[in-house]
Structure formats: C-alpha cells, structure tokens
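Residue numbers start from 1 in every chain, and the chains themselves are labelled A, B, ... in the order their sequence lines are given, proteins ahead of strands.
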Amino acid sequence: MAATGTTASGESAYYVTTPIYYVNDAPHLGHAYTTVAGDVLTRWHRQRGEKVWYLTGTDEHGQKVMRTAEANGVTPQEWCDKLVEDAWKPLWEHLQIANDDFIRTTEPRHTDRVQEFVQDLYEKGEIYKGGYEGPYCVACEEYKSPGDLLEGDLCPIHKRPVEWLKEENYFFRLSAYGERLLEFYERNPDFIRPASARNEVVSFVKQGLQDLSISRSTFDWGVPIPWDTKHVIYVWIDALLNYATAVGYGSDQEKFDATWPANIHLVGKDILRFHAVIWPAMLMANGLSLPRGVFANGWLMVGGEKMSKSNLTGISPRELTEHFGVDAYRYYFLRAIPFGQDGSFSWEDFSARYTSELANDFGNLASRVAAMVGKYFEGTLPEATDAGPAEQAIADGLAAAAAQADTLIGDNLDFSAGIGAIFEFVKQVNGYLSDQAPWKVAKDESPEGQARLATILYTAAESLRAIAVLLHPVMPGTSAKLWASLGAEPHLGALADQRIADVATWGGLPAGAQVVKGEILFPRLENA
RNA sequence: GGGGCGGUAGCUCAGCCGGUCAGAGCAUCGGACUCAUAAUCCGUGGGUCGUGGGUUCAAGUCCCACCCGCCCUACCA
C-alpha cells in the first residue's frame, strides 16, 4: 500500500498518531521529538493535498499518577488536568504542532468506548478470569520477573526479600495470536519500521506469547471492568484503544470510516512491542482492521548517554527553543539524527548546524537575494528573459530535490535525508549566485546585461519560492517569513495551500512580485 | 546466559555481495569575491579503518578470539 498521489474523496485520511504520553511528568525532549516528527510528516501529507488526521494525547490512568497526585495533595483528575493544561498542551502549541485532536484517556468519549470494547471481547471469549502470582516487592509495590531476582529471592532494587503474592486478574488470550501475527508481519514487511525494530518483534513473537493480564484490583484509578467493577483496566487495553476512540470508534461511524485505520503509529522504541504485538492482536480479536504501520524512533543520547529520567530533565525543550528558536528546534533533531536510529546530540552540535546550515546557507541566501532585488530593481521582481544552461541546471536541481524529499520524508519517514536533499538545493543556489555574480553583471548597463541580471535574480527568487514550500512542514514560521519576503501570497495564495506536486514547476513566482528584505531568518547566536 | 547492533579523519557519520574504499558534511588552514547574517564560492591538510590472529594474488569489506559501548530476552508510560 504505497502512498502515492492524492487521496480520492471517500478514502480514509492519512492518519498518524503519537503515543499518548503518560502525564506523570512534564513533557521532555523525547516526547517532543516524536511529536515534532509526526507534525512534519502530517504537514507534508497535507501539502500533498491529502486528507490528514494527526492525533496526540495523554495517558492518565494508573498507579503512578495516583501516587503523584496524592503526594501533591490533589485528586488524580485534578493532577492530570493541571499538567495537561499547564504543561502538555502549551508545549505543543509552542512547538507549532498542528494536531487535529488531543485525546485524554479520562474523557468519557474514551472510557465509555473502552468499556464497550472489553465487554465485547469478554462476550467473545477473548477475556477470561485468572490469577497472577509471582514475587512481589513491597518497597517497589510491583511484581518482579522471577528472572530478575537476585540470589535468595531478593529484589534487585531494594535487596530485600520478595513476597509471593497472588492476585485475581482478567486475561486477554494473547497467546492465541502468535501465528496470526507472524503471518501478518510476513505479508506486510513494512508494518514495523525500521527493519531492526521489525526483527526484534518477530523474534520476540517467535518465542511464544503468553496471555496478558489486563486488570488490576489493587488500585482504582482506571476504567472499571464493566461486569466486575472491583477491577480497573490496566494500561494496555486502555491506552492503546485511544487510537480508535479518538476517531469515533463506537460513537461516530462516519468519522471512523473516514479515518481508520492509522497509516502510521509513531512510537518510541520502548513501547514498540505493545504497538506491534498487543495492539494488532486486540484489533484482530475485535475484528477491526489493522494499522498500516508502526514506526519506532530511537533514543536521544546526550554526550553518548541515553537520556534517562534523570538527565532528561537536564535540558528542556523550552531551554532549547529560547536559545535557538522553535523552527531551528524542529529542524535540528530531524536533520541531525536519522529517524529510527538512536542519535546523540549536543548543544555544540546544535549550534554548529544552526550557524552553518540555517544561518549561513539558508538564511543568508534569502537575505542576499532579497537585498539584490531591492537594490537593483527597487524590490519588484523582474522577468527572466535570458535564461540559459545555468538556469536550467537550477530548475533541474529543484526537480530532483523535490522528488527526493517527497519520497524520503513523505513515504520513508527519512527526515534527515529528505531535509538534506532540500539543503543540497539551497547550496546549489548559493553556488549559482557565486558563479553568475549578479553584483558584477549589474555594472553592465546594456540591455543584454540588464536582461542577464534580471534573469539571475528571478532564478534565485523563484528558487526561494520553492524552498519556502518544501521547508514549510519542517519550519512553518520561517517559511512564512520567507513567503512574505518574496511577496508570494498575493499571487500564489497561502503557503500552506502550495502543493508538493507543483513545487518544482518552474515559474510559479510571477514577475512583479514585491520582494522585501524582511527580518533576518536566523539571527546569529549569542555566545555561540 | 542466549540473540542482535556498533567501535572508520577533531566532531557526526557513508562505505552493498572482498580488488581507485580510504570517503562526505562540519570544524581547521589557504585563495577568490563583496550581493548578503564577518555570510558565499573554490581548494589544502588530516585517519595504525577497536585489538590480535587467520583465509586470499588482494580485507574497514570474509573467518576466529578478545576489549569497549548499546539494544532485545513480556506485563514500568
């Protein structure tokens, strides 16, 4: 199912999800990384002219939230409300995330449907009552895997003896789905990407699946099991189902049909398995169609170390955006780290890329072109009447960059290479200007000389028109500034309405456009 | 313990089935230019390709051992 061309009316939307993030803490760089990636992907598809639905949200049930709320002297719901409204939603707005919806697992539109879903599975015999027993550490307040225990049945964290506890749970018959899942992976080799993630999941499933406990009765901050309200649904069924409940499952069939299933579930690799194994099995059990793909992104490493809870808080998204700006932030992580791999980043590397790629190559190009159109043509874009091989090379370069970026970003989720292709074109245009040296041509006042000067500057400005469009999904704010600087809107309409398919069609920006040298796109960094 | 991945110029990384594979970008240095955010363009230098063996006419590129880092090996979001 390669995504090609535009979506005909009636077909379901290009539907992308982020994980629903656990609201125990404020959002950190890892959350923002996944969310920005999804935003760029969905913005790209919108500019392909497709119907798009981009969903994010929060996971609000569970023991940790309950405890944190208690520790802060508020109810769990109050705690969630506060974090969502004060921390999560504001950050997404700040980062220019254009999500179409924001689902919270405490909303009735979710909890009601979750109850119906488990009730349905129960009636189908997919859920049964069983017991879980195992070594339990009182200090951790959780069960341990027998394999994790130290010599003498000691908790590996607290070094104290565990107790053997037994608890009544409801179980989902996950074990019955191993073969069907393997068959599904086989038939849909791109279901799990990247390939390394796929291999891990396949080998995991081949080891055999056990049934999954889906309820807890030891705490009550969750969705009650409808037929046995002493139990609340435990994490997976509750959390994963958000992808369905948010788009009208069980409540708005029309919307559901127009959206389901997801084209891409973006996940951190820590929760890959739940999305690649449990989630499809749940859907199989209930007879819903399966998502087209799950894409696992890697860890962000700081100074070679995995970002953990402790050092994640070391740098917050806002610290970076305050220094580098929102657009540079969106750009940096996707450009510097191949999506799907772990990647190390540093303040120094961010600074280096900002200066070299954004300020020097891109920002300065926009600046010099606008300055020359202003200086030599009073800001009115001249007509290109004397185009030759050099101009054709630019047009060809643009076509190549647009085609590559479209495949790499829109289909492969290879943001790094896709952005790289666009920036190759930026460099090509800089080289073109150096070769043509319009500031020298300007001294030739003959009609021929002026025709060349006009052609050169038109070519550069028209290139910037395309660059603004191609970079819009990645850096919406900066692209809008550039769009305004080129005087494009009165002739071409809104930047967001520009189509990827048309971006390389030469001559879009008409002569006569009013080019103004706007503000500097990427100011030089203070004490960089 | 088992499985998998990685260790290549100062930095981040490309190098598929062995034979111009010793590369790119950034940084450094030199030159050109002046439209531009002291920006741009061109060019130079720089590497025991983790360590030790082995196979081969020929090995970052295959085999073995070892060192270092990381991931997976189910109920933590």
Side-chain angles (χ1 to χ4, degrees), chain A residues 19-25 30-31 58-65 105 132 134 140-145 147 169 171-172 174 196-197 199-201 203-214 216 234-236 238-240 267-274 277-278 298-299 301 304-306 309 336-338 341-346 348-349 351-353 355-376 416-417 420 423-424 427 429-442 453 456-457 460 517 519-525:
Chain A
I20 46 171
Y21 303 111
Y22 203 57
V23 289
N24 203 36
D25 296 314
H31 301 123
T58 45
D59 182 10
E60 309 189 356
H61 293 304
Q63 201 164 18
K64 282 188 183 174
V65 165
T105 56
Y132 184 83
C140 295
E141 295 188 55
E142 66 185 24
Y143 288 95
K144 298 292 169 187
S145 294
N169 296 118
F171 282 81
F172 168 54
L174 181 64
S196 56
N199 293 338
E200 284 187 2
V201 170
S203 64
F204 170 76
V205 174
K206 278 184 177 167
Q207 291 173 29
L209 297 173
Q210 296 172 17
D211 288 346
L212 182 76
S213 75
I214 59 156
R216 291 293 127 100
Y234 183 63
V235 60
W236 308 121
D238 177 19
L240 291 164
V267 300
K269 68 180 185 182
D270 52 331
I271 53 171
L272 168 65
R273 179 180 313 142
F274 310 121
V277 179
I278 296 174
W299 299 120
M301 322 275 274
E305 286 185 28
K306 181 171 81 177
K309 283 269 161 54
I337 300 168
Q341 295 178 30
D342 291 348
S344 54
F345 79 97
S346 64
E348 292 71 23
D349 185 54
S351 297
R353 285 190 185 272
T355 299
S356 171
E357 298 172 5
L358 294 178
N360 293 355
D361 289 345
F362 175 37
N364 183 57
L365 174 63
S367 181
R368 66 198 301 211
V369 171
M372 283 190 279
V373 174
K375 184 168 181 174
Y376 301 129
S416 177
F423 271 71
E424 275 302 304
K427 300 192 80 157
V429 178
N430 269 323
Y432 165 80
L433 286 178
S434 288
D435 289 343
Q436 300 304 317
W439 50 91
K440 285 183 182 169
V441 178
L453 177 63
I456 294 163
L457 293 185
K517 186 169 175 182
E519 62 182 298
I520 294 293
L521 261 29
F522 297 98
R524 303 199 70 72
L525 297 170

_Is it the case that B/C26 (base atoms only) and A/S356 (side chain only) share a donor and an acceptor within less than 3.5 Å, ignoring hydrogens and angles?_
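There is none.
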What distance, rounded to whole Å, do you find between the two [atom1] atoms, one in [N] and one in [M]?
N	M	atom1	answer
B/C21	B/A59	P	16 Å
B/U28	B/G69	C1'	29 Å
B/C49	B/A9	P	10 Å
B/U48	B/C57	P	28 Å
B/U61	B/U20	C1'	15 Å
B/C66	B/G19	P	28 Å
B/C67	B/G53	C1'	15 Å
B/C64	B/C26	C1'	38 Å

Is there a side-chain contact between [X] and [Y] (heavy atoms, below 4.5 Å)?
X	Y	value
A/N360	A/T355	yes
A/L358	A/F423	yes
A/D59	A/V65	no
A/S367	A/L521	no
A/W439	A/R368	yes

OP1 or OP2 of [N] versus the side-chain N and O atoms of [X]: is any pair under 4.0 Å?
X	N	value
A/K206	B/G3	no
A/R524	B/A38	no
A/K375	B/U34	no

Selected nucleotide, minimal atom distance to [X] side chain, candidates [options]:
X	options	result
A/A371	B/A36, B/C71, B/U34	B/A36
A/S434	B/C75, B/A36, B/U40	B/U40
A/E200	B/A74, B/C13, B/C71	B/C71
A/S344	B/U12, B/U37, B/C35	B/U12
A/A352	B/C26, B/C75, B/U40	B/C26
A/W439	B/C76, B/C35, B/C26	B/C35
A/M372	B/C71, B/U12, B/C35	B/C35
A/S367	B/C70, B/A36, B/C75	B/A36

Remember a base hit wins even if backbone is also touched, and classify [X] as base, sugar-phosphate or nothing at under 4.0 Å, heavy atoms.
X	answer
A/N360	sugar-phosphate
A/D211	base
A/F274	nothing
A/N24	nothing
A/G208	base
A/V23	nothing
A/I278	nothing
A/G363	base
A/Y376	sugar-phosphate
A/L365	nothing

Round to the nearest Å and state the distance from [X] atom [atom1] to [N] atom [atom2].
X	N	atom1	atom2	value
A/Q436	B/C35	CD	P	16 Å
A/K440	B/C33	NZ	P	6 Å
A/E348	B/G25	CD	P	23 Å
A/D349	B/C11	CG	P	13 Å
A/Q210	B/A74	CD	P	8 Å
A/Q341	B/G69	CD	P	21 Å
A/K269	B/C71	NZ	P	7 Å
A/D435	B/C35	CG	C1'	14 Å

Donor-acceptor under 3.5 Å ([X] side chain, [Y] main chain):
X	Y	answer
A/T105	A/A239	no
A/Y22	A/H61	yes
A/Y21	A/H31	yes

*asked:* Can you tell me how the ring of A/W236 sits relative to the ring of A/F274, calling it parallel under 30°, perpendicular over 60° and tilted otherwise?
replied: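 Rings of A/W236 and A/F274: parallel, as their planes differ by under 30°.
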*Identify whether the glycosidic angle of B/G43 places it syn (within 90° of 0) or anti.*
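Anti, since the glycosidic angle lies more than 90° from 0.
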*Could you pick out which residue, A/A359 or A/N430, lies toward the 5' side of RNA chain B when each is mapped onto its nearest nucleotide?*
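On the 5' side of the pair lies A/A359.
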*Of A/E357 and A/L174, whose nearest nucleotide on RNA chain B comes first from the 5' end?*
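Residue closer to the 5' terminus by nearest nucleotide: A/E357.
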*Please determine, for B/C26, whether a Watson-Crick or G-U wobble partner exists with both distances under 3.5 Å, and give it or none.*
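Across all strands, the one nucleotide that pairs with B/C26 is B/G10.
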_Let's test this: given Watson-Crick or G-U wobble pairing with both distances under 3.5 Å, identify the partner of B/C70._
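In the structure as shown, B/C70 has B/G4 as its Watson-Crick or wobble partner.
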